[in-house]
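Let me begin by presenting the structure, written as structure tokens, before commenting on it.
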Amino acid sequence: MHALPVVATNPRTYWASRLEGGGMSQVGRIGLSDELNAAMYPVIRRHALAMLRAAGVRTHGRALDAGSGWGFWFRTWQELGFPVVDAVDFVEESVARVRAHARPADDVRVADITAPRIFEGRQRYDLVSCMNVLLHVVHPGQFGMALANVASAVAPGGLLLLAEPAAVGPISPADGADLSSRVHALDDYLGPMSVAGLELVDLRPAMAITGDPVERRGPVARHAQRLWWRGVLAADRRVPTLRGALGAAMQVVDQAARRLGAAETSKLVLFRKTWSAAETGV
């Protein structure tokens, strides 16, 4: 595990400040414009939907998006066909935005997934998503509680989809200390999920090329990725009129990088609940 110092600022205050009046860049990749962040999300969405369909996701039931941000995944699960999609986030501004897209049956509320047993007493879900949320839980005890909470919300036979660093190889050293996030090894997720009755179904890169390679690679590959990302950032800042073309290019490069087995960055990790706590007396 690559452990970073525990964040000194209250996480709720940090996120409330970060999200104030912001667009996609406030919930996505910091340093990229809203336009390029918006271009990255469909790439991740396409691979997430492919994983869920291959796993036989049950869209006739209920879905939950834990840590909903601006509601991209909340809306995705609505579009996928779930008649009920609930959401939680601990920032009121995020919840207000998501509620604007909620239907009468959808339950969108303020809640902190690091608090004990927050989903206790709720009907469980056929799909639970927690997308790029757990990596921001930097306190080990709270990380474990958040994992237990999202696992407990999944119905037997249901799916849990995470977007997380989830390193499967040696972890690349960080270029600088980011007190708002922490990289965990895949095993840090697999152990608690197994205890909660979930098994790994699928694991794929969320995007093959981004600015934050998680796993250590050779010097040539690492240098090439740094050059690519510096070029993306420079073009994004200096030539706003090219952002549309640059976003399209990023999607093409991502596909090519996947075929070449390029950098492992953030992962899409899919689990299935194989038994319920009630069935085992836990």
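Owing to the predicted nature of the structure, the values given are computational and were not obtained by experimental measurement. Count residues from 1 along the sequence.
- No single ILVMFWY cluster, assembled from side-chain heavy atoms under 4.5 Å apart, contains both Trp229 and Leu242.
- Residues Asp86 and Val108 form no side-chain contact, since every pair of their non-hydrogen atoms from C-beta on lies 4.5 Å or further apart.
- At a threshold of 4.5 Å between side-chain heavy atoms, the hydrophobic network of Ile, Leu, Val, Met, Phe, Trp and Tyr places Leu80 and Val84 in two separate groups.
- The heavy-atom pair separating Gly69 from Ser94 by the smallest distance is O-CB, 3.2 Å.
- For the atom pair Leu64 CG and Phe82 CZ, the distance stands at 10.5 Å (nearest 0.5 Å).
- Just one residue in the list Leu160, Asp202, Leu198 forms a side chain to side chain contact (heavy atoms under 4.5 Å, CB included) with Leu270, and that residue is Asp202.
- Thr76 is listed as a side-chain neighbour of Leu49, based on a closest heavy-atom distance under 4.5 Å.
- Annotation: side chain of Phe74 is not in contact with side chain of Asp89 (no heavy-atom distance under 4.5 Å).
- Counting only heavy atoms from C-beta outward, the side chains of Met131 and Leu268 approach each other to under 4.5 Å.
- To the nearest 0.5 Å, atom CD of residue Glu35 and atom CG of residue Leu246 are 10.5 Å apart.
- No more than 12 heavy-atom neighbours from other residues, nucleotides or ligands sit within 6.0 angstrom of CD on Glu92.
- Residues Pro165 and Arg182 fail the side-chain proximity criterion, which asks for heavy atoms closer than 4.5 Å.
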Verdict with supporting geometry, Val98 and Trp70, side-chain contact (heavy atoms from CB on, under 4.5 Å): CA-CA 6 Å; Val98 177; Trp70 286 165; over 6 Å; no
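- Using a 4.5 Å cut-off on side-chain heavy atoms (C-beta onward), Asp112 and Gln142 make no contact.
- Among Arg272, Lys273, Arg58, Arg62, the single residue meeting the salt bridge (Lys or Arg N to Asp or Glu O under 4.0 Å) criterion with Asp126 is Arg58.
- The line from CD of Glu164 to OG of Ser266 is 7.0 Å long, rounded to the nearest 0.5 Å.
- Shown here for Gln78 and Ala102, the closest heavy-atom pair between the two residues is NE2-CA, 4.2 Å.
- The minimum heavy-atom distance between Arg97 and His101, with the atom names listed, is O-CD2, 3.4 Å.
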Ser129/Trp77 under side chain to side chain donor-acceptor pair (under 3.5 Å): CA gap, chis, key distance, verdict: CA-CA 9 Å; Ser129 62; Trp77 308 144; 2.8 Å; yes
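- Looking at Leu134 and Leu147, their side chains come closer than 4.5 Å, going by heavy atoms from C-beta outward.
- In this structure, the side chains of Asp236 and Arg243 come closer than 4.5 Å at one or more pairs of heavy atoms.
- At a threshold of 4.5 Å between side-chain heavy atoms, the hydrophobic network of Ile, Leu, Val, Met, Phe, Trp and Tyr places Leu186 and Leu135 in two separate groups.
- Hydrophobic clustering, with ILVMFWY side chains joined whenever heavy atoms are under 4.5 angstrom apart, keeps Leu233 apart from Val239.
- Of all the heavy atoms in Leu159 and Ala55, the pair that sits closest is CD1-CB, 4.0 Å.
- Taking a 6.0 Å sphere around CZ of Arg103, one finds it holds more than 12 heavy atoms contributed by other residues, nucleotides or ligands.
- The two atoms that bring Val154 and Val128 nearest to each other are CG2-CG2, 3.7 Å, heavy atoms only.
- Interatomic distance, Ile118 CD1 to Met145 CE, rounded to the nearest 0.5 Å: 10.0 Å.
- Between the CG atom of Leu127 and the CH2 atom of Trp73 there is a distance of 10.5 Å, given to the nearest 0.5 Å.
- Taken to the nearest 0.5 Å, the NZ atom of Lys267 stands 6.5 Å off from the CG atom of Leu203.
- Every residue two or more places apart in sequence or in another chain that forms a ring-ring contact (aromatic ring centres under 6.0 Å, His included) with Tyr189 is listed here: Phe143.
- Evaluated for a side chain to side chain contact (heavy atoms under 4.5 Å, CB included) with Cys130, the options Asn149, Leu162, Val269 yield exactly one hit, Leu162.
- For Arg109, the side-chain contact (heavy atoms from CB on, under 4.5 Å) test picks out Val88, Arg99, Asp107, Arg122, with sequence neighbours left out.
- A salt bridge links Arg45 with Glu79: at least one charged nitrogen is closer than 4.0 Å to a carboxylate oxygen.
- Annotation for Gly67 and Val133: closest pair O-CG2, 3.6 Å, computed over non-hydrogen atoms.
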